[in-house]
Asker: 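Here's a structure for you.
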Amino acid sequence: ISNDIFFAQVEDLLSEGQSVVIRVKGYSMRPFIRNERTQVRIAPITDLDRKNLCIGDIILFRYKGRHIMHRIRHIECDKIILAGDGNYRIWEECLRQDVVGIVSDIIYFNGKSISCQSRQWRCISRLWVSLPQLVRRVILGILWRLGIK
């Protein structure tokens, strides 16, 4: 199934108020969200939710004809600046209206789930994002060489 068809269905379900669980593809959200091993629950987002987005939230958004899931790094009025946790050079921009859903839970390969609103998740996320880029790059490089992708 093509990504266009898949994400059209995801958007339809979200617009009906249903949450959607998808398996993550890609390495940009490492180390906590891993390619083909982690699933995320994406919750529908309302206009009020779009106004109340916060730095640190992980969102699904439309970007240049694709759907991407990354963490909010900055918000400037209606413009949102995002980057993957594993990206230390690449940033994207979208408008609030391009936000399709918000990640509410991370579901690991062993079935364990963690809420993105939990104190534990928020602390881990803040700690990782606050590390200098060079430190994150070194940690990610070590994990990659150890086969933890």
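Scope of the values below: all heavy atoms of this structure, side chains included, with no hydrogens, waters or symmetry mates. Keep in mind that this is a model prediction, so the values were computed, not measured.
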Asker: Looking at residues at least two apart in the chain, or sitting in another chain, which of them share a side chain to side chain donor-acceptor pair (under 3.5 Å) with R137?
Answerer: Y88
Asker: Taking only residues two or more places apart in sequence, or in another chain, which ones meet R136 in a salt bridge (charged side-chain N to carboxylate O under 4.0 Å, His left out)?
Answerer: none
Asker: Who are the salt bridge (charged side-chain N to carboxylate O under 4.0 Å, His left out) partners of R41, not counting sequence neighbours?
Answerer: D105
Asker: Cluster question for you: counting only ILVMFWY and a side-chain heavy-atom cut-off of under 4.5 Å, with indirect links fine, are V99 and M69 together?
Answerer: no
Asker: Output all residues satisfying salt bridge (charged side-chain N to carboxylate O under 4.0 Å, His left out) with K25, sequence neighbours left out; order by chain, then residue number.
Answerer: E36
Asker: Tell me every residue that passes side chain to side chain donor-acceptor pair (under 3.5 Å) with Q18, counting only those two or more places apart in sequence or in another chain.
Answerer: E16
Asker: Determine, using the 4.5 Å side-chain heavy-atom cutoff (strictly less than), whether I45 and V100 are members of one ILVMFWY cluster.
Answerer: no
Asker: Please collect all ring pair (Phe, Tyr, Trp, His ring centres under 6.0 Å) contacts where either partner lies in residues 39-58, sequence neighbours excluded, each pair once.
Answerer: none
Asker: When you group the ILVMFWY residues by side-chain heavy-atom contacts below 4.5 Å and let the links chain together, are L127 and V129 in the same group?
Answerer: no
Asker: Do F32 and S125 have side chains that get closer than 4.5 Å, going by heavy atoms?
Answerer: no
Asker: Apply salt bridge (charged side-chain N to carboxylate O under 4.0 Å, His left out) to R34 and list each qualifying residue two or more places apart in sequence or on a separate chain.
Answerer: none
Asker: Which heavy atom of D4 sits nearest to which heavy atom of G65, and what is that distance?
Answerer: OD1-O, 4.5 Å
Asker: Output the distance between atom CD1 (I106) and atom SG (C116), rounded to the nearest 0.5 Å.
Answerer: 4.0 Å
Asker: Holding to side chain to side chain donor-acceptor pair (under 3.5 Å), I want the full list of residues that pass it with K79, two or more places apart in sequence or in another chain.
Answerer: E76
Asker: For R30, run the side chain to side chain contact (heavy atoms under 4.5 Å, CB included) check against N35, D85, L143, I139 and tell me which one passes.
Answerer: L143
Asker: Would you list the pairs meeting side chain to side chain donor-acceptor pair (under 3.5 Å) in which at least one residue belongs to residues 106-120, sequence neighbours left out?
Answerer: Q117-R122
Asker: Checking D49 now: which residues fulfil side chain to side chain donor-acceptor pair (under 3.5 Å) with it, not counting sequence neighbours?
Answerer: T46
Asker: Please collect all ring pair (Phe, Tyr, Trp, His ring centres under 6.0 Å) contacts where either partner lies in residues 130-149, sequence neighbours excluded, each pair once.
Answerer: Y27-W144
Asker: Can you list every pair that meets ring pair (Phe, Tyr, Trp, His ring centres under 6.0 Å) and has a residue in residues 41-76, with sequence neighbours left out?
Answerer: F7-H67, H74-W91
Asker: Do I59 and V20 share a hydrophobic cluster, counting only Ile, Leu, Val, Met, Phe, Trp and Tyr and linking them when any side-chain heavy atoms are less than 4.5 Å apart?
Answerer: no
Asker: Would V21 and I58 show up in the same hydrophobic cluster when neighbours are defined by side-chain heavy atoms closer than 4.5 Å?
Answerer: no
Asker: With the side chain counted from C-beta on, respond yes when R96 and L53 share a heavy-atom pair under 4.5 Å apart, and no when they do not.
Answerer: yes
